Amino acid sequence: MEGAIGFTLEKKHERARTGVLHTAHGDIQTPAFVPVGTKANVKGVLPETLAHLGAQVVLGNTYHLYLQPGEEIVEQAGGLGTFMGWNGPTMTDSGGFQVFSLGAAYGRTITKIAKGEESAGDVVAVYDPEVQTQHGQLAIIDDEGVSFTSHIDGSLHRFTPERSVEIQHALGADMFFAFDECTSPTASYEYQKDAMHRTHRWAERSLRAHRQNLEANRRQGIFGIVQGGRHEDLRRESAKEIASMDFDGFGIGGSFSKEDMAGALQAAIPELPEEKPRHFLGIGEPGDVLTGIAEGMDLFDCVAATRMGRHGTIYTRRGNIHLKSEKYRTEFAPLDPETIIPGTEPFTRAYVSHLLRSGEMLGQIIASTHNLGFILRLVDGAREALLHGTFGEYRENFIRDYYA
RNA sequence: GCGUCGGUGGCAGAGUGGUCAAUUGCACUUGGCUGUAAACCAAGCGGAUUUAUCCUACGCAGGUUCGAAUCCUGCCCGGCGCA
């Protein structure tokens with residue numbers, strides 16, 4: 001491979017595909033699910049376990065690692081992977097998502113996935129710097145960058161595309177993302193459009209900042225991020241614009257609703273170069289991952305597996321179950337009788353239910369491990385099915401059982 | 001036995017004349033969680049319901065009062081102190 005990372009397209013199957021992503025820390029068979037290790041750890045799961053579960057790459061977060069412990073410490077340790085004891089490939093997110101989660105979403109119940117129609121309103125996604133007070137949110141956006149108030153100690157910080165790239169150079173992941181703005185699904189069309197253009201300008205600046213650092217260029221690849229929110233025309237425009245820049249890979253970010261997710265991908269993906277990897281940021285849940293794969297995405301990261309597990313909900317072939325519910329107290333059955341997850345075989349629903357109810361951390365560990373194993377296995381199965389030309393069937397079968 | 005403090009919803013513990021079916025926490029029930037401010041958040045949690053109200057309830061039994069978990073009397077039970 002000529003750059004820091006390379007991508008070999010292996011096989012296509014309608015719009016879906018398999019491939020191999022090459023990095024200095026090893027190859028990644030795609031499609032692949034990327035466990036999220038925000039603060040240099042996948043919550044509740046040891047690197048060794050991740051490897052057993054089949055994880056190939058882990059994603060850390062710029063905002064969080066910058067605040068704690070500070071990127072210079074990660075750099076001194078030898079980079080994100082070495083610091084956390086993970087031998088394989090790593091990625092970092094740029095902090096763009098925190099623009100949303102600490103900004104427009106702060107203190108509210110909104111998430112990046114909109115539900116139905118009710119959220120198509122016109123909620124202001126950022127405050128006007130002239131008139132805003134910081135009450136109620138921790139991130140303020142302007143065209144140049146974003147000012148943050150640390151959620152840890154209230155101190156003030158500022159990210160620009162250049163700064164985000166600089167931090168990500170220090171974190172040293174094999175792949176990292178350009179600094180972007182993840183908008184709220186409740187933002188207006190006009191706002192989404194403005195934010196998208198801002199993200200395009202930030203993409204250029206991120207790319208330039210990276211290419212200027214020859215040393216970092218040799219070891220790290222940079223992904224540009226397509227935005228455009230819930231509007232197909234914006235998605236298409238954004239993809240075209242980002243694709244015209246010399247990125248090593250592409251991310252599709254921002255907000256969706258269940259209904260328009262596939263449409264957004266169908267609008268964006270045809271604009272992206274086939275020979276470069278595509279990462280679906282923050283997605284997802286089992287069904288959404290299969291949708292992404294079907295549309296031609298290669299990589300997925302998501303906190304849902306570990307967060308839901310930690311909170312007591314586990315994935316099963318027949319849908320999600322909440323282990324803390326009354327009925328599982330005495331259900332001495334495997335977590336998911338139809339899915340074998342290495343390391344969780346001995347445990348029953350009743351046992352994990354008890355651990356979860358009594359606040360034992362092992363319950364969270366087992367449930368997180370199970371969910372991660374489940375989604376990794378699902379994606380792995382999808383890859384196999386793609387190679388055998390049976391993906392359509394694979395997906396249909398899964399959806400039928402899972403959402404039955 | 002005398003004195004003293006106390007007995008409140010599954011538990012702990014507020015309340016000390018009306019705004020109290022009773023603050024709060026835990027437990028419990030049910031939801032939610034998609035680039036992790038998240039081992040978190042939300043709702044419910046005496047009964048019946050036309051959801052407006054009614055009934056039952058702050059150890060038990062009486063009483064005072066327009067009105068009592070709150071005041072008085074007796075009884076029962078518990079802690080502590082003195083015998």
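To find a chain, count down the sequence lines: A is the first, B the second, and so on, and within it residues start at 1. Because the structure is a prediction, the values reported are computed rather than measured.
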Pairs touching [range] that satisfy side-chain hydrogen bond (donor to acceptor under 3.5 Å, both in side chains), sequence neighbours left out:
range                       : answer
residues 353-373 of chain A : none
residues 332-341 of chain A : A:R318-A:E338, A:D336-A:T339
residues 36-58 of chain A   : none

Check your understanding: Are more than 12 heavy atoms from other residues, nucleotides or ligands located less than 6.0 Å from atom CG of A:N87?
Key -> no
Review point. What do you reckon, is CD1 of A:I340 surrounded by more than 12 foreign heavy atoms closer than 6.0 Å?
Key: no
Review point. Under the ring-ring contact (aromatic ring centres under 6.0 Å, His included) rule, what pairs show up with a residue in residues 62-93 of chain A, not counting sequence neighbours?
Key: A:Y63-A:F148, A:Y63-A:H151, A:H64-A:H151, A:Y66-A:H157, A:Y66-A:F159
Practice item. Sort and list the pairs that fulfil ring-ring contact (aromatic ring centres under 6.0 Å, His included) and have at least one residue in residues 296-321 of chain A, not counting sequence neighbours. Key: A:Y315-A:F374
Check your understanding: Got a sec? Which of residues 304-324 of chain A come in under 4.0 Å of RNA chain B, heavy atoms?
Key -> A:A304, A:T306, A:R307, A:M308, A:R310, A:H311, A:T313
**Study point:** Selection: residues 41-73 of chain A, any non-hydrogen atom under 4.0 Å of RNA chain B
**Key:** A:K43, A:L59, A:N61, A:H64
So if I take every side-chain heavy atom of [X] and compare against [options], which nucleotide ends up nearest?
X      : options             : value
A:D93  : B:U36, B:U30, B:A37 : B:U36
A:Q364 : B:U29, B:A39, B:G35 : B:A39
A:K39  : B:G35, B:C28, B:A38 : B:A38
A:K112 : B:U30, B:A37, B:U34 : B:U34
A:R357 : B:U34, B:U36, B:C28 : B:C28

**Study point:** N or O in side chain of A:Q98 less than 4.0 angstrom from B:G35 OP1/OP2
**Key:** no
Review point. Is A:S101 near enough to B:A37 that one of its side-chain N or O atoms lies under 4.0 angstrom from OP1 or OP2?
Key: yes
Take the protein atom [atom1] of [X] and the nucleotide atom [atom2] of [N], then report the distance between them rounded to whole Å.
X      : N     : atom1 : atom2 : answer
A:L102 : B:G35 : CG    : C1'   : 13 Å
A:L356 : B:C40 : CG    : C1'   : 13 Å
A:H157 : B:A37 : NE2   : P     : 15 Å
A:E181 : B:G35 : CD    : C1'   : 14 Å

**Study point:** Listed once per pair and sorted, the salt bridge (Lys or Arg N to Asp or Glu O under 4.0 Å) pairs that draw on residues 148-173 of chain A, sequence neighbours left out
**Key:** A:E71-A:R163, A:D142-A:R158, A:E162-A:R205, A:R163-A:E166
Check your understanding: For A:Q220, which residues count as a side chain to side chain contact (heavy atoms under 4.5 Å, CB included) partner, sequence neighbours excluded?
Key -> A:H169, A:F176, A:H210, A:A216
Point to revise | Any residue meeting side chain to side chain contact (heavy atoms under 4.5 Å, CB included) with A:E275, in chain and number order, not counting sequence neighbours | key: A:P273
Got a list of protein N/O to nucleotides 42-47 of chain B N/O distances below 3.5 Å?
none

Point to revise | Pairing of A:E274 and A:K12 as salt bridge, 4.0 angstrom limit | key: yes
**Study point:** Partner set under side-chain hydrogen bond (donor to acceptor under 3.5 Å, both in side chains) for A:R400, not counting sequence neighbours
**Key:** A:N397
Study note, to complete from the structure: By the Watson-Crick or G-U definition, both distances under 3.5 Å, B:G3 is matched with B:C80
